[in-house]
Structure formats: structure tokens, C-alpha cells
2 protein chains.
Amino acid sequence: MTLTELKYVLAVARERHFGRAAEACYVAQPTLSVAIKKLEDELGVMLFERGGGGEISVTPAGERVAEQASRIFELVDGIKDSAAVAKDDLSGPLRLGVIYTIAPYLLPWLIPEMNKLAPHMPLMLEENYTKVLTEKLKKGEIDAMLIATPVEEPGLLSLPLYDEPFQVALPAAHPLRKKKAVTSADLEAENILLLGTGHCFRDQVLQACPCLNRAASGGLAKTLESSSLETIRHMVASGVGVTVLPCTATRMHYVDDDLLTLRPFKDAPPSRLVSIAWRKSFPRPKAIETLRQAVLATDLGCVAKVTPGQR
Amino acid sequence: MTLTELKYVLAVARERHFGRAAEACYVAQPTLSVAIKKLEDELGVMLFERGGGGEISVTPAGERVAEQASRIFELVDGIKDSAAVAKDDLSGPLRLGVIYTIAPYLLPWLIPEMNKLAPHMPLMLEENYTKVLTEKLKKGEIDAMLIATPVEEPGLLSLPLYDEPFQVALPAAHPLRKKKAVTSADLEAENILLLGTGHCFRDQVLQACPCLNRAASGGLAKTLESSSLETIRHMVASGVGVTVLPCTATRMHYVDDDLLTLRPFKDAPPSRLVSIAWRKSFPRPKAIETLRQAVLATDLGCVAKVTPGQR
DNA sequence: GCTATCGATAGCATTAACCAATCAATCTTC
DNA sequence: GAAGATTGATTGGTTAATGCTATCGATAGC
């Protein structure tokens, strides 16, 4: 049984005339006769009664076949329609993973931008660790992710988006406030608040300031397992210690302004490179590109955006 | 788009593996790859995401296509099933036309016989004149008919079933009752009751007894337009006149036995040949044959059945 | 770095689908 | 009733499609 044969059956049932049906199908009459006969042989039933006279009539079996055939073609059209919709890379949800230390500072700007650039592509967001997101991306459980470490996984591609310098956050009355810029060494004696293990930002801070690493092993730096940068920031504001924040985490907060002082690093400030990553085989390249454009269109203030030319 | 392609899509969606899907479809793997690619090109959408690793995943578009495809195959199976049922000539209703002067005397026996021989083929009956039934048969509004005149229409076939002699019906106290058999001439002086024009039996009686024909034109024979043999029989029983009946109309009536006397014709009695007719193109030969067998299996008493050998 | 696995590609053989021409049966018309 | 017109079935040959074998490129795991 073939869709073509069913199409011919519908035409003959409609026209009640092999010649006209053939014309309607843009084929020659023998083609139609043979096709109908083939289907009749396969089903073992006569579908049409060829009377000698002008008109042919449809047998009850033919009626039923024609009825089901028309329902089949409704579904076929449904397939074509839904394919036409899905054709657009920017339609249908995009599952986006974002690491904990980016999400709260980027998404409030990114989401309106995406609504503007791709209004028919809702974002299904997930916040998690780099490692977890990478696994989910490889398994196809998410479609793209925003992370801050180089991606070197087989089957994955990535593009850098922006380079984000780190800053030091001090309580309002801290001695270091007197300096316009601090160095890694300045922090050695301080009580440093760090994210728990698993957060890549923790590792990046420790790598940028080796002295902290020593402090951490010596028990001076206070690690807050599974906590968030926001929690740490509030603790700094309350005077518990100092910390290092990515610059996007230092904007948009007004309540702390009186209690929190920010200072840049002196000379070659440490930074992290935020990238977007996706499966090489992901079939919606425009969705990725649009997401990238949306991030770059976002006003992130202190960051150094990677423009397309720098790719 | 092809049913084969959709079958392949379903297999890949189910197995999530081109090789296994090809095996399940009894084709080689390249066949499947090419077919899927062809459908993807036609729809303009990727249906599957071929990751480098072992498993492939189904895109949202692929999910929808697979879902609709499985519904399509349900309908295809439905076509095959209903065709398998319709394959049996003896299933589904048979539209049977019977002339007025046969129906009441044959159907009470024929219907139980048909219920026995073809329990899944209900009879949709219509009583009408030979002419009307012939037209309806040619137009396909009925499938077969039982008539008493030779069928010589293009596109129609017929077979004789039985030869039915005529008998004379007399009121209980009629003088002709004394004779064991009557002749056509005996009826010349009688008040003859005849069916109205249009009934073939009227014409057959007039042809068998030319003297009646003369009487009819002379006003002696009483024509009862559009009436029935039953009405005429009751009038004979009440003494209005005499009539000629086909022998099947003279059985099974007990109420009239005291009031009605039947006499056969003497020498070469007139008769009518009852036949079954159908369209040459009617696609259920077994239905016709079964109907013929059912008529022949009926106990019609006085008739001379035409056995298959006499065809 | 080597091997195994998976899907894509190329080349070739087979099948089918299709058309033009013709045929057989029937209906219509003169 | 014979000639012409109409209709679906049949035939022969061409083209497109489908399928298979062999091979390739990419990837993952040892």
C-alpha cells in the first residue's frame, strides 16, 4: 500500500471517473488504472465497480478505504505543517543551562533580550554546576549552556562571549578601602569567604590568588559549601570578611552600597571567560547564534565582550 | 513522503540506532540513512540528532512526525482489516429487489434460508415493478433482483431459477369447479380480475389467454390498478369473479380454502420463468450464487426448478 | 596510537512507476 | 443496425526510485 495509491483512490472516489481522476492527479489514465488494480489485488477487494456505462460506482469497501485514506492525508498534512513550523530554528523551546555564578547576574537582562530577538522560542532554564551541565548537554538533556571554563569535550562546540574581571568586595569599614586597587597579596591576611567545591568560580579565584589557596588549606579562608555569591556578599556586608566577585555580580545592588566597598585588582586583574557551548550535532544553529547575539546585546557594564571578528 | 519513509522514521525513533532500525525493517543500513535524509530534506527539518556517540536522539520535530506516523499506520491497518472483512462476498448487506407478484410468496421462505446460508449478509429488500427494479439495478441502487421476465439489458446478467405454472382461482360455488382442469377458452365468458398495468404478471396472463385480451379491451375483464394479488384473491373468494394466479400464490393460505377453488390449466399450462438478475460488474459473485442456492433450496411446491445443469 | 563502532557516501543492480499507443466493451447516433 | 465516441484495461519501453555491497570519515574507548 502506498500513499500515492491512496491518493488515486480518493481521486477516483471523488470523480467517479478514471480519466478525470487521472487528470486531477496529473498522471495518465493507465497509471491510475494499474495503481488501483494493484491496491485491489493487495487488499483482495474490489474498490470500484466499473460498469460499462459512463459512471463507475464505489463499493462499500471502497467507501471505507476512501474514508480512512482521507483521514490519513489529514495526518500527512499535519506532519508537513508541524515540520514547517519546526523548520524555524527560533521556534520551540530552547533548553539552556547556566552555571550558578552567572545565572542571577545575566538572566534578568538576557531573557527580555531573547524575548525580543526570538519571541517564539521560550527558554527552559536550569542552574547547575559546570560538570553537571556538561554531562546533560552531552546527553541531550539541555541544548546549550553558559559556562566560565574552556570546553574541551568531544562532540561539543563553544564560543567565547565575554571576559569578566574579578573585583574585591570589602566591608564598609575595612582598612583596604583606602587603596584604589588591591593586589592578590593584600588578601593574604584577610578572612576570605569562598564558594563551596564544585563551583568553578571558587577554583578560578583560588587559581588567580595562590596565596588564598595556601590560606584555604591552612583554614583561614572560610568556604561556604553549596552557598551562593549573594549569600557571601551579604556576609561581607555584615563584616564577616572579604571576598572576590565577578564584576557582573557587583552591579544592580543598591541596598548594600553603604555597607559594601568594591575595589579592582591592580595590574592584570584576574578574570573569567564566559562562553556558550552546544552539541556539534545540535540542529538549530540559528538558535545558538541568536542566544549569542542576545548575550552580547546585553549591557553587562564592566565586561570585555568578544566580538564576532575575534572568533 | 512515503509510507516506507514513515515506517523507517518510526523504527529509528524506537531503536534510537540506525543499524538496529534497519535490521528491524529488513533493509540495509544505508537504505535507511538515505530514506531518512530524503524525508528530512523534503520536510526541511532534522528529525534525528546524530551525535558522535552511540545513541542518537529524536528532535522535537522528529517526535511529532513519529507520533503522527504511528497514527497513520493505525489507519493503514484499519484499511487492511476492513478490507479483509469486506473480502468475504457474503458479508455486508445485499440490496435485493423483488417484483410485487413474487415477494409475498417467496420471501417468507427465502429469508430464513438466507439467514442460514449467509448469516452475515442482511437483505435490504425492495418491492417494485420490473421496469423500476431494472433501472435501479443498472444504476447500482440495488445489487440483484428477482423478476419473471427475460432480462436483455446491456451490463446485466441473469439466471433462470424456476418455472411457475399458472392456476385458475374460482369462487367456491363456481360452475367451472366441476372440471378437473380448465382451458383458456373456459375463461372467455367469465368476469376476470386482473392486476393493473405495470405488473408483468398481468401481461403474462393476457399473453397466455388471448381471449382475455379481447375481453379486456371489450371491458369484460376487470382491471384493478396498482392492486395486489392478495386483494384480487379476496375478491374472488367473495364471489366477484375469477382470476389467474401463479402457483406460489396458491399455497399457504388456509382461511380461503372453503371459499376458493383452484384448478390447473389443461394441456401445456401457461407459466412464468422466475430469474435472478445482477450487474455483470457486481463484485460479489458468491452473494449472487448463494441467493440462487437459497431460492432453489426453498420449498416452492408446485414449481419446476431449474437445476444448475440446465443453465 | 590502535581498534571498534556508527552513520554517511559512492557505484551498481533491480524494481517500480509512468507514459504513449492500442485494445475490447459499451453506449449513442444516424 | 452499423459507425463513431467514450471508457477502462493492456502492452512495451523509458525513466526514476529503491536497495545492496563496499568504503569512508568521525568518534569513543583501550
Side-chain angles (χ1 to χ4, degrees), chain A residues 1-9 11-13 15-42 46-59 62 134-135 138-140 152-157 279-283, chain B residues 1-9 11-13 15-42 46-59 62 135 138-140 152-157 279-281 283:
Chain A
M1 193 181 314
T2 312
L3 285 179
T4 311
E5 289 165 2
L6 293 178
K7 187 178 70 185
Y8 294 164
V9 168
V12 174
E15 304 282 347
R16 294 178 185 275
H17 189 286
F18 275 66
R20 286 197 298 275
E23 206 171 346
C25 295
Y26 306 105
V27 294
Q29 169 261 319
T31 300
L32 207 126
S33 285
V34 170
I36 298 281
K37 185 176 167 49
K38 180 164 160 288
L39 184 58
E40 285 177 334
D41 287 349
E42 179 183 342
M46 281 288 188
L47 300 177
F48 303 103
E49 191 178 329
R50 289 84 154 170
E55 288 249 316
I56 65 173
S57 62
V58 188
T59 67
T134 304
E135 281 311 305
K138 284 168 72 178
K139 280 196 282 185
E152 288 301 338
E153 290 283 341
L156 296 186
L157 292 178
R279 282 185 302 285
K280 193 182 297 183
S281 58
F282 185 61
Chain B
M1 193 182 311
T2 312
L3 285 180
T4 310
E5 289 166 2
L6 293 178
K7 189 177 68 184
Y8 294 163
V9 168
V12 175
E15 304 283 347
R16 296 179 184 277
H17 188 286
F18 276 66
R20 286 197 299 275
E23 203 172 349
C25 294
Y26 305 106
V27 293
Q29 169 262 319
T31 300
L32 207 126
S33 284
V34 170
I36 298 282
K37 186 175 166 51
K38 181 165 160 285
L39 183 59
E40 285 178 334
D41 287 349
E42 180 182 340
M46 281 287 188
L47 301 177
F48 303 102
E49 191 178 329
R50 289 83 155 170
E55 289 249 315
I56 64 175
S57 62
V58 188
T59 66
E135 282 310 305
K138 285 167 70 178
K139 280 196 282 186
E152 289 300 337
E153 291 282 344
L156 297 187
L157 292 178
R279 283 185 302 286
K280 193 184 296 185
S281 58

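Keep in mind that this is a model prediction, so the values were computed, not measured. Numbers restart at 1 for each chain; the letters A, B, ... are given by sequence-line order, proteins then strands.
Among A:Val9, A:Val34, A:Thr2, the one residue that satisfies the side-chain contact (heavy atoms from CB on, under 4.5 Å) test with A:Leu39 is A:Val9.
Side chains of A:Leu156 and A:Arg279 form a contact here, defined as non-hydrogen atoms less than 4.5 Å apart.
Contact between the side-chain N/O atoms of A:Thr31 and the OP1/OP2 oxygens of C:dC19 is found at a separation under 4.0 Å. Considering only side-chain N and O atoms, B:His17 lies nowhere under 4.0 angstrom from the phosphate OP1 or OP2 of C:dT5. Of the side-chain N and O atoms in B:Arg50, one or more sit less than 4.0 angstrom from OP1 or OP2 of C:dA8. Residue A:Lys38 has no polar side-chain atom (N or O) positioned under 4.0 Å from OP1 or OP2 of C:dA16.
Taking for each of B:Lys37 and B:Lys138 the nucleotide of DNA chain C with the nearest heavy atom, the 5'-most of the two is the partner of B:Lys37. Each of A:Glu153 and B:Val34 has a nearest nucleotide on DNA chain D; the 5'-most of these lies closest to B:Val34. Each of A:Ser33 and B:Tyr8 was matched to the nucleotide of DNA chain D holding its nearest heavy atom; the match closer to the 5' end belongs to A:Ser33.
Every salt bridge (Lys or Arg N to Asp or Glu O under 4.0 Å) that A:Lys139 has, sequence neighbours left out, goes to A:Glu141. B:Lys37 pairs by the salt bridge (Lys or Arg N to Asp or Glu O under 4.0 Å) definition with nothing, not counting sequence neighbours. Listed by chain and number, the residues in a side-chain contact (heavy atoms from CB on, under 4.5 Å) with B:Ala35 are B:Glu5, B:Tyr8 (sequence neighbours excluded). Applying the side-chain contact (heavy atoms from CB on, under 4.5 Å) test to A:Ser33 and every residue at least two apart in sequence or in another chain returns A:Phe18, A:Gln29. In this view, B:Pro283 and A:Met46, A:Glu49, A:Thr59 satisfy the side-chain contact (heavy atoms from CB on, under 4.5 Å) rule, not counting sequence neighbours. Applying the side-chain contact (heavy atoms from CB on, under 4.5 Å) criterion to A:Glu135, with sequence neighbours excluded, gives A:Lys138.
Distance alone, capped at 3.5 Å, places no donor-acceptor pair between the A:Arg16 side chain and the A:Ser57 backbone.
Atoms CD1 (A:Ile56) and P (D:dA9) sit 8 Å apart, rounded to a whole Å. The separation between B:Phe48 atom CZ and C:dA8 atom P is 11 Å, rounded to whole Å. Rounded to an integer number of Å, the gap from CE of A:Met1 to C1' of C:dA16 is 17 Å. Here the P atom of nucleotide D:dG8 and the CD atom of A:Glu40 are 13 Å apart, to the nearest Å. Distance, A:Leu157 CG to D:dA26 P: 14 Å, rounded to whole Å. Distance CG (A:Leu32) to C1' (C:dA20): 16 Å, rounded to an integer number of Å. When rounded to the nearest whole Å, the span between CD of B:Glu49 and P of C:dA8 equals 13 Å. Taking atom CD1 of B:Ile36 as the reference point, atom C1' of C:dA8 lies 13 Å away to the nearest angstrom.
Residue pairs satisfying the salt bridge (charged side-chain N to carboxylate O under 4.0 Å, His left out) criterion with at least one member in residues 22-34 of chain A, sequence neighbours excluded, are absent.
From one end of the helix from C:dG1-D:dC30 to C:dC30-D:dG1 to the other, with five pairs defining each end axis, the axis direction shifts by 20° (rounded to 10°).
Near DNA chain C, meaning a heavy atom under 4.0 Å away, the residues from residues 18-30 of chain B are B:Phe18, B:Gly19, B:Gln29, B:Pro30.
Backbone-only engagement by B:Lys280 is indicated by non-hydrogen atom pairs under 4.0 Å involving sugar-phosphate atoms exclusively.
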